[in-house]
Number of protein chains: 2
Amino acid sequence: MSNYKTIEAGQLVNIFKALANDHRLKIYTILTRCCTSGTLCTSDEASRYCVGDLDSQLDIAPSTLSHHLKELHRAGLIHMKRDGKQVFCSVNTEIMQQVHTIFSAKPVGVTQ
Amino acid sequence: MSNYKTIEAGQLVNIFKALANDHRLKIYTILTRCCTSGTLCTSDEASRYCVGDLDSQLDIAPSTLSHHLKELHRAGLIHMKRDGKQVFCSVNTEIMQQVHTIFSAKPVGVTQ
DNA sequence: TTTATAATTCGACATATTTCGAATTATAAG
DNA sequence: CTTATAATTCGAAATATGTCGAATTATAAA
């Protein structure tokens, strides 16, 4: 009935599953920080990190990181794009917006 | 440095863990719906459901529901208060507000 | 006090998740 | 073509989570 965007309940639970892990939440947090605190930033200049750069901040095996990135990607939380030998990751700001909406209003914007 | 409220990273992961399950997300969604769609509602009149009422909507054993409610409560997402033989549950709107904040701005409001 | 109702705790079992190392794929450089 | 670098896939092992039924606790009613 409503004409604003909603997240389907099944997808929402996958989003929470994806963020329900220390390493994945840290990855998402790193990708979410696009600029230094106190500086200005526009919403669409999300930061890009290649997998190797993330790995250096995480103390887990590359295969484990790869698995976690796949989970975040499956949930639609991040973008992944190969550029030469490297794969670059960035947040999906659109999904971020929608999750934001869910926590903002009652009744919640979830279709069942 | 900032003087607005933040959620500590460890708590945040527990919040996501709590919501990362079909049954628990449904419980939270039920509690979040304080009024019928289209009617007015003020933010602090969150609905109260007793455990038995939730159970009738969920198709799980009472012991399982009890376990899930404990998880939601541990994460700080819901309040639980006994009134006679029954225990009534309602959302913690303050936490809801804080999670909302996390998805609204970059850099995110998480202390590490 | 005894009985009934509401909810929780406990222990056991099944399923899912996390993690790693080894092997593999993708790409670029020599 | 061969070698090096970046990342992924696969299989196995350890840990965590979800589920139930039986027993227990809390409260109210008879």
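Sequence lines set the chain letters: A, B, ... in the order given, protein chains first and strands last, and positions in each chain run from 1. The model shown is predicted, which means the values in this text are computed figures rather than measured ones. Side-chain atoms are counted along with the backbone in the values below, which use heavy atoms only and exclude waters and symmetry mates.
- Counting to the nearest Å, the C1' atom of D:dA7 and the CD1 atom of A:Ile27 are 14 Å from each other.
- A distance of 10.5 Å separates CZ of A:Phe88 from CG of A:Leu54, quoted to the nearest 0.5 Å.
- Rounded to an integer number of Å, the gap from NZ of A:Lys81 to P of D:dA7 is 15 Å.
- Although no hydrogens or angles enter the test, the distance criterion places a donor-acceptor pair under 3.5 Å between the side chain of B:Ser47 and the main chain of B:Leu31.
- B:His68 pairs by the side-chain hydrogen bond (donor to acceptor under 3.5 Å, both in side chains) definition with B:Arg24, not counting sequence neighbours.
- Residue A:Ile60 is in sugar-phosphate contact alone, with no base atom involved, counting any heavy-atom pair closer than 4.0 Å across all strands shown.
- Judged purely by atom type and a 3.5 angstrom limit, A:Thr29 uses its side chain to pair as donor or acceptor with the backbone of A:Leu25.
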Would you mind building the protein contact string for nucleotides 21-30 of chain D? One character per nucleotide, 5' to 3', B for base within reach (heavy atoms under 4.0 Å), S for sugar-phosphate only, - for untouched.
-> BB----BS--
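- Between A:Lys17 and the phosphate of C:dA16, there is no side-chain N or O to OP1/OP2 separation shorter than 4.0 Å.
- With rounding to the nearest 0.5 Å, the separation of NE2 in A:His79 from CG in A:Asn92 is 4.0 Å.
- Residue A:His67 places no side-chain N or O under 4.0 Å from the OP1 or OP2 atom of C:dC20.
- Nearest to the side chain of B:Arg24, among D:dA7, D:dG18, C:dT8, sits D:dG18.
- The interatomic distance linking B:Leu69 (CG) with C:dT9 (C1') rounds to 14 Å, in whole Å.
- Taking 4.0 angstrom as the limit, A:Lys70 places a side-chain polar atom (N or O) nearer than this to OP1 or OP2 of D:dT9.
- In this structure, A:Tyr49 atom OH and D:dA6 atom P are separated by 18 Å, rounded to whole Å.
- The nearest whole Å value for the distance from the CZ atom in A:Arg74 to the C1' atom in D:dT8 is 15 Å.
- To the nearest 0.5 angstrom, A:Asp53 atom CG is 11.0 Å from A:Arg48 atom CZ.
- The separation between B:Asp22 atom CG and C:dA16 atom C1' is 13 Å, rounded to whole Å.
- Listed pair B:His23 / D:dT19 meets the phosphate criterion, a side-chain N or O lying under 4.0 Å from OP1 or OP2.
- Within the 4.0 Å cut-off from OP1 or OP2 of D:dT19, at least one side-chain nitrogen or oxygen of B:His68 is found.
- Residue B:Met80 contributes atom CE, which lies 9 Å from atom P of C:dT9 at whole-angstrom precision.
- Spacing between atom CG of B:Leu58 and atom P of D:dC20 amounts to 11 Å, rounded to whole angstrom units.
- The side chain of A:Asn21 places an N or O atom within less than 4.0 Å of a non-bridging phosphate oxygen (OP1 or OP2) of C:dT18.
- Residues passing the salt bridge (charged side-chain N to carboxylate O under 4.0 Å, His left out) test with A:Arg82: none are found, sequence neighbours excluded.
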